[in-house]
Amino acid sequence: MTDVLDAPAAVKPINHWISGAPYAGTSGRSGPVFNPATGRQSGAVDFATVEEVDRAVQAAKAAFPAWRALSIAKRAEILFAIRELVHERREEIAKHLTAEHGKVLSDAMGEVTRGLEVIEFCCGIPHLLKGGMTEQASTGVDVYSIRQPLGVVAGITPFNFPAMVPMWMWAPAIACGNTFVLKPSEKDPSASVYMAQLLKEAGLPDGVFNVVHGDKVAVDAILDHRDIAAVSFVGSTPIAKYVYETATANGKRCQALGGAKNHMIVLPDADIDMAADAAVSAAYGSAGERCMAVSLLVAVGDVADPLIDAIKARIPNVKVGNGMDASSEMGPLITREHRDKVASYLEDGGGDVLVDGRESCPDDGFFLAPSLIDGLEPGMRAYDDEIFGPVLGVTRVTTYDEAVRLVNENPYGNGTAIFTRDGGVARQFQFDVQAGMVGINVPIPVPVAYYSFGGWKASLFGDRHIYGPEGIDFFTRGKVVTSRWPDPATSTVDLGFPQTR
Ligand code: NAD
């Protein structure tokens with residue numbers, strides 16, 4: 001095991017970041033930050049007051065006019081510098097993630113890489129903000145469209161991707177000319193502050209990117225703040241709904257991505273070993289704490305028994321341990337409470353527990369080893385709930401139609417996947433299924449950065465997906481200019497409604 005961020009015995013204070021510098025909170029309220037692999041508290045994060053959130057918003061507001069006025073070429077130059085620095089320090093960022101979230105270092109490196117892809121997409125902002133132009137729309141009249149930033153915008157993010165999800169938000173937001181206030185998860189906040197330092201080092205002007213930590217007080221202060229034009233949220237469905245309803249009632253633009261219950265359908269003609277490899281990787285990677293994790297296998301026809309055997313054969317080989325240990329493949333869960341809640345599904349979640357992860361996990365920390373439950377059906381707790389842990393459920397059905405109905409009747413619609421060798425059925429699935437992101441023989445179909453990410457139904461409140469082209473759209477608003485330069489000598493009064501000539 002490496003020592004890196006585990007070393008300090010003392011609890012480190014984690015401050016806000018306002019106007020390009022750390023800002024020590026004054027509320028007297030803070031939250032504990034743990035190393036989930038040891039179970040020991042490593043930090044105490046400041047919880048912002050309403051006034052402290054306002055301070056960050058005022059810093060962003062003051063920085064907006066100059067940032068917005070900077071040429072797109074210069075903004076792109078800063079984004080390229082950010083890309084270089086984040087790439088150079090990707091391992092340091094990943095170590096922050098492993099230390100506070102618990103995910104293994106290789107997985108944390110993957111998180112940073114997928115976030116970097118969004119920054120790389122945003123380096124193309126000169127091209128992305130190109131408008132349209134029609135010359136001679138009417139005689140002597142030209143019409144063109146431009147997109148302009150909104151002003152101060154905010155991001156509120158979950159614990160499970162402490163670097164990538166903020167990057168999904170701030171990279172397009174600042175590329176478009178907005179200034180940003182981030183409220184990261186209070187459970188693993190250090191990566192955000194480290195990223196803020198990197199952005200400053202890369203040349204981002206002070207105040208363009210700010211971080212306030214905290215709980216509901218900070219979130220509500222953002223949702224109520226009259227100077228914040230838009231809120232991007234990622235987290236659980238009940239909070240996403242609350243954030244969307246409150247932000248939009250307060251006149252803000254909002255996209256709020258929620259939870260998930262991702263079904264992976266396996267058809268009888270699928271390659272069993274490939275499907276089992278995919279299911280184990282997608283269910284237990286990051287200890288199942290991914291909104292795109294596979295949490296339910298829908299086994300069609302006689303595929304269930306051989307598929308379950310293949311998964312059971314693989315589970316003992318998954319190395320569970322401290323994420324800083326290079327041999328570990330799966331780390332702990334985020335908190336003791338969450339670990340215990342996930343474990344409760346093995347007690348009374350329904351179905352037949354085939355592999356019980358409580359029996360084989362490390363003693364220290366918040367660990368639960370991979371678990372498998374057969375015979376789940378709608379109405380059972382382990383089927384209905386987003387468990388968000390390393391518990392894979394299996395539901396048996398007899399036909400493709402039954403399998404698709406299960407996906408479509410589920411309240412969530414984030415990701416889904418089908419495993420088959422039949423291209424025709426796969427294409428029909430893509431046509432039929434009600435989910436925002438679909439994998440065909442791909443278990444975790446997170447779109448590449450130049451498409452957009454988002455679910456359907458209770459997995460997304462709002463009408464724009466995150467990052468990619470829809471991210472650019474979300475953080476800008478359109479303006480259409482109609483212009484003419486006539487000879488004043490031809491000017492007349494005409495009270496009729498303007499028509500093209
Ligand atoms: P969460 O909803 O508990 O927290 C998300 C954010 O909301 C945090 O910043 C938190 O401080 C804040 N928050 C929590 N309770 C609040 C309250 N009562 N009022 C106001 N703000 C509150 O989510 P989490 O546990 O951090 O993250 C896991 C969840 O996020 C899972 O449901 C997962 O599916 C979801 N998620 C979704 C996506 C997606 O793209 N759809 C991606 C990642 C995670």
Centroid separation His16 to Phe47 less than 6.0 Å:
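No; Phe47 has its ring centre 6.0 Å or more from that of His16.
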Please check if the distance between the ring centroids of Tyr23 and Trp17 is under 6.0 Å.
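Not under 6.0 Å, so no.
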With Glu100, which of Lys12, Lys95, Lys187 fulfils salt bridge (charged side-chain N to carboxylate O under 4.0 Å, His left out)?
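Testing Glu100 for a salt bridge (charged side-chain N to carboxylate O under 4.0 Å, His left out) against Lys12, Lys95, Lys187 leaves exactly one candidate, Lys12.
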For a side-chain contact (heavy atoms from CB on, under 4.5 Å) check, start with the C-alpha distance between Phe159 and Thr335, then their side-chain angles and the critical distance, and finish with the verdict.
CA-CA 11 Å; Phe159 79 80; Thr335 57; over 6 Å; no
The criterion is side chain to side chain donor-acceptor pair (under 3.5 Å); which residues satisfy it with His465, sequence neighbours excluded?
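Applying side chain to side chain donor-acceptor pair (under 3.5 Å) to His465 gives none.
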With sequence neighbours excluded, tell me which residues meet side chain to side chain donor-acceptor pair (under 3.5 Å) with Gln58.
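If we apply the side chain to side chain donor-acceptor pair (under 3.5 Å) test to Gln58, skipping adjacent residues, the hits are Asp54, Asp227.
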Got a second to check how far [X]'s [atom1] is from [Y]'s [atom2], nearest 0.5 Å?
X      : Y      : atom1 : atom2 : value
Leu116 : Phe121 : CG    : CZ    : 15.0 Å
Lys183 : Asp215 : NZ    : CG    : 7.0 Å
Leu296 : Thr395 : CG    : OG1   : 5.0 Å
Cys291 : Phe161 : SG    : CZ    : 6.5 Å
Gln255 : Phe475 : CD    : CZ    : 5.5 Å

Whether the [X] and [Y] side chains hold a donor-acceptor pair (N or O, under 3.5 Å, no angle test) is what I'd like checked.
X      : Y      : value
Tyr242 : Lys216 : yes
Asn262 : Asn414 : no
Ser344 : Arg381 : yes
Glu111 : His101 : no

Tyr244/Val231 under side-chain contact (heavy atoms from CB on, under 4.5 Å): CA gap, chis, key distance, verdict
CA-CA 8 Å; Tyr244 181 77; Val231 176; over 6 Å; no
Are more than 12 heavy atoms from other residues, nucleotides or ligands located less than 6.0 Å from atom [atom1] of [X]?
X      : atom1 : result
Arg40  : CZ    : no
Lys200 : NZ    : yes
Arg55  : CZ    : no

Steps toward salt bridge (Lys or Arg N to Asp or Glu O under 4.0 Å) verdict (Arg396, Asp374):
CA-CA 8 Å; Arg396 296 168 182 247; Asp374 191 12; 2.9 Å; yes
Could you check Val86 against Met195 for side-chain contact (heavy atoms from CB on, under 4.5 Å), going step by step and ending with a plain yes or no?
CA-CA 8 Å; Val86 172; Met195 295 294 294; 3.9 Å; yes
Run the numbers on Phe453 and Leu257 for side-chain contact (heavy atoms from CB on, under 4.5 Å), then give the verdict.
CA-CA 9 Å; Phe453 179 113; Leu257 285 76; 3.7 Å; yes
Begin with the C-alpha distance, continue with both residues' side-chain angles, and end with the deciding distance and a verdict on side chain to side chain donor-acceptor pair (under 3.5 Å) for Glu52 and Thr26.
CA-CA 8 Å; Glu52 284 164 340; Thr26 57; 2.6 Å; yes
Check: Lys103 main-chain N/O paired with Thr98 side-chain donor or acceptor under 3.5 Å
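Looks like yes, one N/O pair under 3.5 Å.
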Candidate pair Arg83 and Glu120, rule salt bridge (Lys or Arg N to Asp or Glu O under 4.0 Å), full reasoning:
CA-CA 7 Å; Arg83 188 268 165 205; Glu120 287 161 2; 2.8 Å; yes
